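Below is one structure; the comments refer to it alone.
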Amino acid sequence: MTKQPSAARIITAACVGNALEWYDIAVYSYFAVYVAKVFFPSGDPTSALLLALGTFAVSFLIRPLGAVVLGSYADRAGRKPALALSILLMVLGTLLIVVMPSYETVGLIAPLGILVARLIQGFSAGGEFGSATALMVEHLPGRRGYAASWQFASQAAATLLAATLGTVLTSALTEEQLLSWGFRIPFAIGLLVGPVGWYIRRHVPEAPEFARSRATDPGHSPGRVVLREQKGRVLLTIGVLAATTCLNYLISYMPTFAINNLGLPASTGFAGVLIGGVVLLIATPLAGHLSDRFGQITLMVPAAVLILVLIYPLFVLLVAFPGLGVLLGMLVLLCLFKSFYYGPMGALMANLFPAETRATGMAVGYNIGVAVFGGFTPFIATWLIATTGSDLAPSFWVMTTAVLSLVALVTIRRRTALR
């Protein structure tokens with residue numbers, strides 16, 4: 001009889017690719033100012049930054065395609081091969097960013113190369129969340145909240161690493177060194193995760209629940225079933241994601257906001273995200289564990305309400321008193337609210353879909369939600385500030401998404417037995 005892998009091994013195998021994905025996202029966001037100057041030249045620094053952030057956002061548009069292709073592959077062939085493929089594609093995209101010459105050297109090839117790299121990463125990430133979360137909840141059915149919460153705790157760990165590198169590099173290197181080669185260092189470090197993650201994923205068995213579902217209907221087409229018969233579940237998944245995804249990318253955007261709008265040193269913004277990452281890493285698994293006992297929606301609704309009510313006053317305070325202490329306090333609170341929202345969220349979304357279509361359904365809903373409410377958040381925040389002239393404008397977008405998420409949660413509670 002084959003020995004079942006430990007919970008730690010399952011969680012590590014599932015989360016390593018997710019961590020790499022979010023590490024790359026965080027690094028790109030944190031170093032967007034330098035990426036803009038090197039690859040997206042313009043006479044206007046704001047226009048260059050918008051081009052860099054626009055490329056960041058456009059790469060999210062391909063994620064739903066990756067969700068359908070890789071998610072369907074995971075529901076047909078297995079979680080393991082899909083996850084191994086996704087991490088290889090992710091590494092390829094990161095490698096392109098590391099080696100891409102500047103605009104001054106190769107002209108338009110530079111911004112086009114960065115766009116291709118982000119599209120590859122976006123396609124890969126499209127199938128990552130659904131397959132990895134399905135692997136965990138199917139191996140650990142009695143601890144779904146706790147297991148799935150590590151998807152988001154790994155995001156925090158990745159953000160923490162990226163913020164640490166950002167703090168060290170912006171403090172230790174000059175502006176010229178960062179522009180010349182320093183901003184590439186975090187991307188190069190990300191490449192080291194790829195081979196390790198691929199090896200771990202190749203040596204984890206499929207979950208019994210998935211094996212049974214494949215044996216029952218080996219020839220099914222999960223993509224067709226999800227798009228034709230489970231559109232309502234996909235829409236609810238998108239709605240649930242709105243608030244936390246928007247908030248996550250707003251937190252990632254804070255170093256750029258601190259530098260450009262508050263006039264703070266680059267190291268100040270990174271230090272704030274660093275502290276927030278510690279909060280997320282500790283509180284998220286705790287929230288996932290509590291959700292197994294009390295229910296996912298029971299924890300998520302109060303967290304969404306707090307995000308809705310407090311985001312504007314927090315921005316008012318930060319803009320009125322810009323400084324490291326206020327920035328740290330704001331990020332600690334936002335990360336605490338976020339932990340108790342998205343810690344239980346993975347299990348809730350997994351419970352919306354049966355095993356036969358779980359990877360595809362979660363991937364499609366997750367990536368459409370991330371594309372709409374996540375990938376465009378830094379761009380929307382920058383655009384809102386430029387259009388309104390108010391540094392408080394990003395809070396309006398967060399409030400809108402919090403309302404959408406509350407509507408989705410209430411709908412799920414009324415229509416299903418999920419709590």
Side-chain angles (χ1 to χ4, degrees), residues 2-25 59 62-98 116-140 147-148 150-151 154-155 157-158 187 189-211 213-215 218 222-223 346 350 355-364 366-367 370:
T2 304
K3 181 180 179 181
Q4 289 298 312
S6 66
R9 184 180 170 193
I10 292 296
I11 290 171
T12 300
C15 293
V16 63
N18 187 61
L20 178 58
E21 171 199 347
W22 284 86
Y23 172 83
D24 285 336
I25 288 172
S59 68
I62 201 172
R63 289 177 69 129
L65 176 61
V68 173
V69 175
L70 295 178
S72 296
Y73 181 49
D75 280 329
R76 291 196 313 271
R79 314 320 190 193
K80 280 179 55 179
L83 289 171
L85 176 59
S86 71
I87 201 168
L88 290 177
L89 290 173
M90 215 172 295
V91 169
L92 175 60
T94 303
L95 178 62
L96 284 175
I97 296 176
V98 171
V116 169
R118 288 296 303 153
L119 288 174
I120 292 173
Q121 290 178 324
F123 181 86
S124 167
E128 174 70 28
F129 179 84
S131 302
T133 305
L135 182 74
M136 285 191 292
V137 301
E138 290 165 3
H139 269 289
L140 303 167
W150 281 99
Q151 278 286 73
S154 68
Q155 294 177 9
F187 293 104
I189 291 174
L191 290 175
L192 303 177
V193 178
V196 176
W198 182 84
Y199 177 83
I200 293 173
R201 287 181 165 185
R202 291 286 296 174
H203 292 82
V204 171
E206 295 288 359
E209 183 181 358
F210 169 74
S213 69
R214 184 166 55 175
E356 294 82 0
T357 60
R358 181 170 290 136
T360 306
M362 291 183 67
V364 171
Y366 177 83
N367 287 288
V370 168

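Remember, it's a predicted structure, so these values are computed and weren't measured experimentally.
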Inset, instruction - Using atom types as modelled and distance alone, determine if a side-chain donor or acceptor of T94 lies under 3.5 Å from a backbone N or O of L191. - result: no
Legend entry - Test item: N18 and W150 side chains (from C-beta on) under 4.5 Å apart, heavy atoms: no
Legend entry - Backbone of A8 reached by a side-chain donor or acceptor of T12 within 3.5 Å: yes
Legend entry - With E206, the side chain to side chain contact (heavy atoms under 4.5 Å, CB included) member among K80, H139, E138: K80
Legend entry - Which atom of M362 lies closest to which atom of G346, heavy atoms considered: CE-O, 3.9 Å
Inset, instruction - Can you measure from CZ (R118) to CD1 (I97) and round to the nearest 0.5 angstrom? - result: 6.0 Å
Legend entry - Short side-chain to backbone donor-acceptor contact, R201 and L83, under 3.5 Å: yes
Legend entry - Side-chain touch V193/Y23, heavy atoms, less than 4.5 angstrom: no
Legend entry - Any donor-acceptor pair under 3.5 Å from D75 side chain to T360 backbone: yes
Inset, instruction - May I ask you to test the L20-I87 pair for a side-chain heavy-atom distance under 4.5 Å? - result: yes
Inset, instruction - To the nearest 0.5 Å, tell me how far E21 CD sits from Q151 CD. - result: 8.5 Å
Legend entry - Closest non-hydrogen atom pair, V137 against A148: CG1-CB, 4.2 Å
Legend entry - Spatial distance of atom CD (Q121) from atom CG (L95) [nearest 0.5 Å]: 10.5 Å
Legend entry - Minimum heavy-atom distance between A363 and G126, given as atom pair plus value: CB-O, 3.5 Å
Inset, instruction - Take M136 and C15, measure what side-chain contact (heavy atoms from CB on, under 4.5 Å) needs, and give me the verdict at the end. - result: CA-CA 9 Å; M136 285 191 292; C15 293; 4.0 Å; yes
Inset, instruction - Work out which heavy atom in A134 is nearest to a heavy atom in R79; give both atom names and the distance. - result: CB-NE, 3.6 Å
Legend entry - Over all atoms of both residues, closest heavy-atom pair of I10 and L135: CG2-O, 4.3 Å
Inset, instruction - State, to 0.1 Å, how close L70 and F123 come at their nearest heavy-atom pair, and which atoms those are. - result: CD1-O, 3.6 Å
